[in-house]
**Q** 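Provided herewith is a single structure, encoded as structure tokens, for subsequent inquiry.
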2 protein chains.
Amino acid sequence: MSKKDLIFKSALMLFTTRGFHDTPTSEIAKQAGVATGTLFHYFSTKEELINELYLECKSTLVDKVMEGVDPQWDLPTRMHKMYFNSVLWGVEYHDKFNFLQQFDNSPNISDLTREEGYNRIKSINWVFDEAREAGLIRKDHRDMLMELVYAFIISVVTQLIQTKPEPKERDELIDLSYSILMKAFS
Amino acid sequence: MSKKDLIFKSALMLFTTRGFHDTPTSEIAKQAGVATGTLFHYFSTKEELINELYLECKSTLVDKVMEGVDPQWDLPTRMHKMYFNSVLWGVEYHDKFNFLQQFDNSPNISDLTREEGYNRIKSINWVFDEAREAGLIRKDHRDMLMELVYAFIISVVTQLIQTKPEPKERDELIDLSYSILMKAFS
DNA sequence: TCACCATTCGACTGATTAGTCAATCATTTT
DNA sequence: AAAATGATTGACTAATCAGTCGAATGGTGA
């Protein structure tokens, strides 16, 4: 693992457990096994570090959600796969999941970064609009419904992290929650 | 307004906009119009200040959610009223709403305070147990429903704060989200 | 061999911060 | 009116932190 990645990993862990301003750069460097000078060689400020970390998380999010999704598939199949991937991402990368939950609306992330982050996950939102057009979910109040769908996913992930079921039962729960989602939002 | 309340008010604003560790006590005192010594006369440490602030927020939360809820009403009526009150609380007191969202899981709040905060909102959680007893939801879904309700409330409040609709449309949106929520669990 | 540059190091600095303290000021009690 | 209690002040200090800098290292190509 490169020094840069070691710094990312260390910062991710420390920022989520101690918060941004209560995590000294010296501690990030120490946990990463590098000198502070090295940290500032890769990231000119602590702010830049957290902003890049934020984008890195958003990128792996969209990668995982889109993984194995064939554009040729019909809409319901793609939606189901993406929903499944979303929840699995939250469970498998729950350190990144936590980080995004904590810092998505934090003042440490610049407006520019937030905008760039929004661009990176745009492709996920497209399918939502497609589903509305196709009449799979109700048409009114687009933005609020989207928020509610995300809220739904977040609570499923939180629940799975707390109960830690076996893979088989876990997958069944995700499928169950998906059918509930589709029923509730149609 | 007492000096203590002025300090509370100033700290609430600064903690939510700048974060705990990026808010100097000197700045809290300045915005409150008092000397730093006065702040430390009322709160022996900065930690104590945020912990007391946390409990204060929890208390006004439970007051608002339970406002006008008659124990004589049947369960669905009470649940609907409480859901409505929760969202309205988030909109009306959105500084406190933001604060709790940011600091509910922050390491700055001590375990003792969190426990005390949990005690204060206990009466809200009872209604979930009641719903389970009454067979309104499946027994193993209690925690899941709770997570989902909280996640829903957060996204509805966030949405309402962003779009600032008229009271009539606002109430419609709250009811829409509530009906989706209920559909998910029926 | 040597020049070059990216990488790495960690001691160091200037700035900032939480909390102290000794001194007033205000109010109530005796 | 004297004494006591509590509220308020802000200059001060010891500690901490983000970011700097000059030196050391090692790889690459001429």
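Below, read A as the first sequence line, B as the second, and so on, with proteins coming before strands; counting in each chain starts at 1.
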**Q** Pair B:Phe43, B:Phe8 - check ring pair (Phe, Tyr, Trp, His ring centres under 6.0 Å), show working.
**A** CA-CA 10 Å; B:Phe43 309 96; B:Phe8 264 145; 5.5 Å; yes
**Q** Where along residues 3-11 of chain A does a heavy atom fall under 4.0 Å from DNA chain D?
**A**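 The answer is none.
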**Q** Taking the side chain as every heavy atom from C-beta outward, state whether B:His21 and A:Thr23 have any pair of such atoms under 4.5 Å apart.
**A**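 A side-chain contact under 4.5 Å is absent here.
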**Q** Donor-acceptor pairs under 3.5 Å, side chain of residues 25-34 of chain B to any protein atom, not counting sequence neighbours: which ones?
**A**
unit_1  : atom_1 : unit_2  : atom_2 : d
B:Glu27 : OE2    : B:Gln31 : NE2    : 3.0

**Q** In whole angstrom, give the distance that lies between atom CZ of B:Phe40 and atom C1' of D:dT13.
**A**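 It works out to 14 Å between those atoms.
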**Q** Would you mind classifying the nucleic acid contact of A:Phe43 as base, sugar-phosphate or nothing, using non-hydrogen atoms under 4.0 angstrom?
**A**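 Nothing, no heavy atom under 4.0 Å.
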**Q** Taking the side chain as every heavy atom from C-beta outward, state whether B:Lys58 and B:Asp104 have any pair of such atoms under 4.5 Å apart.
**A**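 With C-beta onward as the side chain, the pair touches.
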**Q** Please check the phosphate of D:dT9 (OP1 and OP2 only) for any side-chain N or O of B:Thr38 closer than 4.0 Å.
**A**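 Yes, such a contact exists.
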**Q** May I have the distance from B:Leu39 (atom CG) to C:dT17 (atom C1'), rounded to whole angstrom?
**A**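 Answer to the nearest Å: 13 Å.
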**Q** Using a 3.5 Å cut-off and no angle test, enumerate the donor-acceptor pairs between side-chain atoms of residues 126-136 of chain B and protein atoms at least two apart in sequence or in another chain.
**A**
unit_1   : atom_1 : unit_2   : atom_2 : d
B:Asp129 : OD1    : B:Arg142 : NE     : 2.3
B:Asp129 : OD1    : B:Arg142 : NH2    : 3.3
B:Glu130 : OE1    : B:Arg78  : NH1    : 3.1
B:Glu130 : OE2    : B:Arg78  : NH1    : 3.3
B:Glu130 : OE2    : B:Arg78  : NH2    : 2.9

**Q** Starting from C1' on D:dG19, measure out to CD on A:Glu47 and report it in whole angstrom.
**A**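 These atoms are roughly 13 Å apart.
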**Q** Is there a side-chain contact between B:Tyr83 and B:Ile174 in this structure, where contact means two heavy atoms from C-beta onward sitting under 4.5 Å apart?
**A**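 They are in side-chain contact.
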**Q** Return the residues of residues 12-33 of chain A meeting this criterion: a heavy atom under 4.0 Å from some atom of DNA chain D. Order them by number, or give none.
**A**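 Within residues 12-33 of chain A, the residues near DNA chain D are A:Thr23, A:Pro24, A:Thr25.
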**Q** Just how far is it from atom CH2 of A:Trp89 to atom SG of A:Cys57, taken to the nearest 0.5 Å?
**A**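 A:Trp89 atom CH2 to A:Cys57 atom SG measures 6.5 Å (nearest 0.5 Å).
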**Q** Among Ile, Leu, Val, Met, Phe, Trp and Tyr joined by side-chain contacts under 4.5 Å, find the other residues sharing a cluster with A:Met1 and list them by chain and number.
**A**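 ILVMFWY cluster around A:Met1 also holds A:Leu6.
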**Q** Mind checking who shares a hydrophobic cluster with B:Tyr118, ILVMFWY linked at side-chain heavy-atom distances under 4.5 Å?
**A**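 Its cluster mates, by chain and number: none.
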**Q** In this structure, how many angstroms lie between the P atom of D:dA18 and the CD1 atom of A:Ile50, rounded?
**A**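 About 12 Å, once rounded to whole Å.
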**Q** Taking only the side-chain heavy atoms of B:Thr36 (C-beta and beyond), determine which of D:dT20, D:dG10, C:dG10 contains the nearest atom.
**A**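 For the B:Thr36 side chain, the nearest candidate turns out to be D:dG10.
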**Q** Are B:Tyr42 and D:dT8 close enough that a side-chain N or O sits under 4.0 Å from OP1 or OP2?
**A**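 Answer is yes, contact under 4.0 Å.
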**Q** Is the distance from OP1 or OP2 of D:dT8 to the nearest side-chain N or O of B:His41 less than 4.0 Å?
**A**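 Indeed not, no polar side-chain atom of B:His41 lies that close.
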